[in-house]
Amino acid sequence: MVGTAPALSGLTRPAIVLALLGVLAAVSIVCFMTLGVRGNWAFVLQFRMQKLAGLLLVACSVAVSTVLFQTVTNNRILTPSIMGFDALYVLVQTSIVFFLGVRMFALMDPHLRFGMEVLLMICFSGLLFRWLFLGEERSLHLVVLVGIVFGVFFRSLSNFMQRMLDPNAFQVLQDSFFASFSRIDPTLLGFSWAIVCLALLVLWRMGHCFDVLSLGRAQAINLGVSYRRTVIVILMIISVLVAVSTALVGPITFFGLLVASLAHGLVGNSRHRYILPAAVLLSVICLVGGQTLLERVFAFDTALSIIIEFLGGVVFIFLIIRGAAR
């Protein structure tokens, strides 16, 4: 007992937080896989394993992309989704129904639609990020304004086309506007995981640059970081992660902001070796644990995305008010 006291006292706050979050994430996964299992265990576990793989992919993609986007922009209230991704996703869905019809929307090959959505979102984000961050330095107000303008433009086009749709077609279309973690297409998981793992591998090899980038552009250049090339790679990988997760489950505007803010608050410092895993574990706890409560306690009486967006919106407002107070 005496020998364990120094070992425990030597643990730092980030290490303790990561250990606790790891335990909670493991408990959430075990509960999701085992609670309420009846009948054939092999069939149920295989079915839940596919859904769990989708939840873990979204959790990892959203958490990593948000933390790194905040690092590149050097601001903790910005997320990739705020920059117009969600509105672009809705515009793509609306355009398919408007130009091709609701029947084609329902019968379209999911792989084709998934690939088209991912490609369009990556192209849009690549052009936007290149203009915002790789030329002359832009102010935070301009970054937010451009994101809002693009979002309003995409939503205006979507609303215009939706008003011209048949009411029955619009009702079918409306279901795709909200993120759903229960209808993840299992046939897309393998391809999605391959893309995400490749993106994470590239980020892992660049991990030594993240803390330097958080110091700002001038400091990063002075410390020897190839700022332009590094930021290009990070932003394109962020685009890929966000595009894949959005095309897989739908738009999630404030979820990344929620887990990133909680990770910074719990860890107590800004080192990415702690922030990134903490954000991923928190994302897993929120999605897997939340889906478990939704299915086993509330019996699908509410949507998990609505609860997450509400909490994320509250955190966003809190951060805005706290920043204004400072």
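One-based numbering along the sequence shown.
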I'd like a table of donor-acceptor pairs (distance under 3.5 Å, sequence neighbours excluded) in which one partner is a side-chain atom from residues 202-216, with atom names and distances.
from : atom 1 : to   : atom 2 : distance (Å)
D211 : OD1    : H272 : N      : 3.0
D211 : OD1    : H272 : ND1    : 2.7
S214 : OG     : D211 : O      : 2.5

Show me, pair by pair, the donor-acceptor contacts under 3.5 angstrom made by side chains of residues 188-197, not counting sequence neighbours?
from : atom 1 : to   : atom 2 : distance (Å)
S192 : OG     : L188 : O      : 2.7
W193 : NE1    : A53  : O      : 3.1

Only pairs under 3.5 Å count here: list side-chain donor-acceptor contacts from residues 96-108, not counting sequence neighbours, and write none if there are none.
none

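In the hydrophobic clustering (ILVMFWY side chains linked at under 4.5 Å, chained through shared members), L119 stands by itself. Hydrophobic cluster membership for V23: V27 (Ile, Leu, Val, Met, Phe, Trp, Tyr linked by side-chain heavy atoms under 4.5 Å, directly or transitively).
Residues passing the side chain to side chain donor-acceptor pair (under 3.5 Å) test with S283, sequence neighbours excluded: none. Annotation: side chain to side chain donor-acceptor pair (under 3.5 Å) contacts of T34 (sequence neighbours excluded): none. The side chain to side chain contact (heavy atoms under 4.5 Å, CB included) test applied to A87 returns F154, R155, not counting sequence neighbours. The ring pair (Phe, Tyr, Trp, His ring centres under 6.0 Å) test applied to Y274 returns no partner, not counting sequence neighbours. Shown here are the side chain to side chain contact (heavy atoms under 4.5 Å, CB included) partners of S28, two or more places apart in sequence or in another chain: I285, V288. For S95, there are no side chain to side chain donor-acceptor pair (under 3.5 Å) partners at least two apart in sequence or on another chain. Under the side chain to side chain donor-acceptor pair (under 3.5 Å) criterion, D185 pairs with T187, not counting sequence neighbours.
Minimum heavy-atom separation, R48 to F32: NH1-O, 3.0 Å. L120 and L88 get closest at one heavy-atom pair: O-CD2, 4.0 Å.
Connection of L198 to V240 is not established within any shared hydrophobic cluster, with ILVMFWY side chains joined at heavy-atom distances below 4.5 Å, either directly or through further cluster members.
With a 6.0 Å radius and a threshold of 12 heavy atoms from other residues, nucleotides or ligands, Q46 has its CD atom at or below the threshold.
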